[in-house]
Amino acid sequence: MPARLRVLLLAVLGLMLFAGTGGATTNAPGGAGEKYIVLYRSQSVPSDAATTIAKAGGTLVYSYAQIGVAVAQSSNASFRANLLKDARIDDASATAKFATQLPNEQAGAEGPPPGDLPNAPASDADSLSPLQWDMRQIKTPEAHAITGGSQVVLVGDIDTGIDFNHPDLKPNIDVANSANCLSGEPVQGTAAQDDNGHGTHTAGTIAAASNGFGIVGVAPNVRIAAIKAGNAAGFFFPEAVVCSFYWAATHGVDVTNNSYFADPFLFNCRNDPVQRAIWKAEQRAITYAEQKGVTVVSAEGNASEDLAHPTVDATSPDDTTPVTRDVTNACVVIPVEVPGVIGVTATGNAQQTDSNGNPTGYLKSFYSNVGIGVTQVTAPGGDSVFGRTAEAVNGRVLSTYPPNQPCTRKVTENIGDPTEPTVVYCYLQGTSMASPHVAGVAALIVSMFGKLNGKMSPGQVTAYLDGTADEQPCPGTLPPTYESVFGVGTESGTFAPCTGGPAYNSWYGHGQVNAFTAVTHAPSG
């Protein structure tokens, strides 16, 4: 979404104790100025970094040695200029104006032999399963007859945290591998409690347990770790994003879900000296995670824009005063446009048709961003305007939610759990909701075809997703007002048409993910 998760999640129209090597920390006094990302030219942080930073007028908060990034804090107005006198430092930037904010979204062929991971089937007969049109749309019940995933597989939900007390999530939450990364220094465990709601919702889509009540996630048997990068107000600061990917890389995470944009700028321009240190540090952290075997899945956003051909950014920076600016392909969205990241667009439950009126798949959600080379696959994210059907009455996706956070459209249950007697499920829509479906299918793929003696590479997982998705051609006809009103880009003011063929196009990528074929078939290529 534009620089906020307004673009990643909208209910439109009513609508680590750090474990791992290289971590160094010096406690900074609370409130001692702004946080800074310090980017070194080499993929390492020198041993005298704390001294160098102190001489420049700041304090080292945390060091990510393997990627050449440090988090510092300073109230000295000359801190950045002082740092840049050190030839080893590529760039540095204060992060106070580099946050994304979650808005109030409520205003075919034979497959290979399975791997050697333990798997077990799962049931889709929980009390709220009939409301999960999204799961039936991507064939998760059929997949669950084969596997609900493996407890060996770990998904990291990089978001606003998870409600650790939610009875539908509690069986699968890996507390030891959860962390609060808000300060830039990871704090292990239940410090990653969700105080916003967004993270609990995405976590439920991924891994809500099959336990007889509530909903069932795409991969209800896998473990899920809360990696908290977003605060209660929904701001995702760069130091938290860097910390989150580094934590995932060093704590055995197989897949991460990322339903946010990192930076207050919808588009991050390489030639902007203020933005460059931020996006390069984030890119390094994401690339490091991928090199460690982490499959990275990301929402594309909800601005109805073509990310492959950006022209205008009218909402950035979103944490101060927006300034309209022209942008080009030299400007990218983080994390979805980092190489290797799986970009996800959203669909609703309504069928689209060809020029003869024949159904050809599910219509892209009107708000979803698109883009050739950015879109990998698509998945259900909901559509409250064009996606209302007999099965999806309000068009939105139902998932887990904290009981103490407001939700306009919710379902509650009381199962007598002493820590959370009122169990809440909330209806939301957005590419934020689509992305965790793909992360869940990726977790099922790793569960079925992964090996105990080594991870599946992100490239392998991506190939399985691509090769087993249901191809969706561009629509032949569109509903009235789709192109002229609801699907118009919020930045450019123009409509982004679908381009490409059935096998790959800007709206659906390689198609809509299919959990059943993903666990039973090899990629066709």
Side-chain angles (χ1 to χ4, degrees), residues 1-10 12 100 236 241 257-272 275 278-280 282-283 286 296-318 322 324-347 364-379 381 383 430-435 438 462 465-466 472 474 483 486-500 504-512:
M1 50 197 217
R4 354 178 167 178
L5 272 139
R6 169 174 71 77
V7 174
L8 284 183
L9 167 60
L10 36 115
V12 187
T100 61
F236 285 65
V241 175
N257 180 68
N258 302 269
S259 291
Y260 61 90
F261 286 166
D263 207 271
F265 291 92
L266 173 54
F267 298 101
N268 306 276
C269 302
R270 297 178 178 91
N271 60 355
D272 185 299
Q275 297 171 48
I278 301 297
W279 72 258
K280 285 182 69 175
E282 292 169 341
Q283 183 178 52
I286 294 168
V296 181
V297 180
S298 176
E300 284 195 30
N302 306 335
S304 307
E305 292 288 351
D306 184 351
L307 298 187
H309 301 93
T311 57
V312 178
D313 182 354
T315 62
S316 304
D318 71 344
T324 299
R325 58 179 180 151
D326 294 334
V327 292
T328 68
N329 279 331
C331 305
V332 297
V333 175
I334 306 293
V336 70
E337 291 194 84
V338 171
V341 173
I342 297 168
V344 183
T345 61
T347 57
K364 179 188 75 69
S365 303
F366 69 91
Y367 54 77
S368 181
N369 285 346
V370 299
I372 290 287
V374 183
T375 307
Q376 198 77 35
V377 289
T378 193
D383 186 330
T431 55
S432 280
M433 283 63 255
S435 182
V438 177
T462 302
L465 287 168
D466 292 350
Q472 290 210 180
C474 291
E483 183 175 352
F486 293 99
V488 172
T490 61
E491 308 300 306
S492 65
T494 61
F495 177 73
C498 184
T499 58
Y504 183 84
N505 56 63
S506 61
W507 280 21
Y508 306 115
H510 295 276
Q512 183 167 260

Is the backbone N or O of S506 less than 3.5 Å from a side-chain atom of T499, with the two atoms forming a donor-acceptor pair by type?
-> no

Going from OG1 on T347 to OH on Y508, what distance comes out if it is rounded to the nearest 0.5 angstrom?
-> 7.5 Å

Locate the shortest heavy-atom distance separating G430 from A346; write the atom from each residue and the value.
-> O-CB, 4.3 Å

Can you tell me if T378 uses its side chain to pair, donor with acceptor, with the backbone of T345 under 3.5 Å?
-> yes

Just checking, any donor-acceptor pair under 3.5 angstrom between side chains of T462 and Q376?
-> no

What residues form a side-chain contact (heavy atoms from CB on, under 4.5 Å) with V488, not counting sequence neighbours?
-> none

With S435, which residues qualify under side-chain hydrogen bond (donor to acceptor under 3.5 Å, both in side chains), at least two apart?
-> N257

May I ask you to decide if E491's main-chain N or O and E305's side chain share a donor-acceptor pair within less than 3.5 Å?
-> yes

Taking I334 as the fixed residue, which of V241, I278, N258, I286 is the one that meets the side-chain contact (heavy atoms from CB on, under 4.5 Å) rule?
-> I286

Check: S365 side chain, Y367 main-chain N or O, donor-acceptor pair, under 3.5 Å = no

By side-chain hydrogen bond (donor to acceptor under 3.5 Å, both in side chains), T375 pairs with (sequence neighbours left out) E300

With sequence neighbours excluded, residues passing side-chain contact (heavy atoms from CB on, under 4.5 Å) with F495 = L478, Y482, E483, P497, W507

Any idea which heavy atoms bring P335 and Y260 closest together, and the distance?
-> CD-O, 3.5 Å

Using side-chain hydrogen bond (donor to acceptor under 3.5 Å, both in side chains) as the criterion, list what pairs up with S298, not counting sequence neighbours.
-> none

S368-T431 side chain donor-acceptor pair, cut-off 3.5 Å = no

side-chain hydrogen bond (donor to acceptor under 3.5 Å, both in side chains) filter on Q472, not counting sequence neighbours, yields none

What is the minimum heavy-atom distance between D306 and A496, and which atoms define it?
-> CB-CB, 3.9 Å

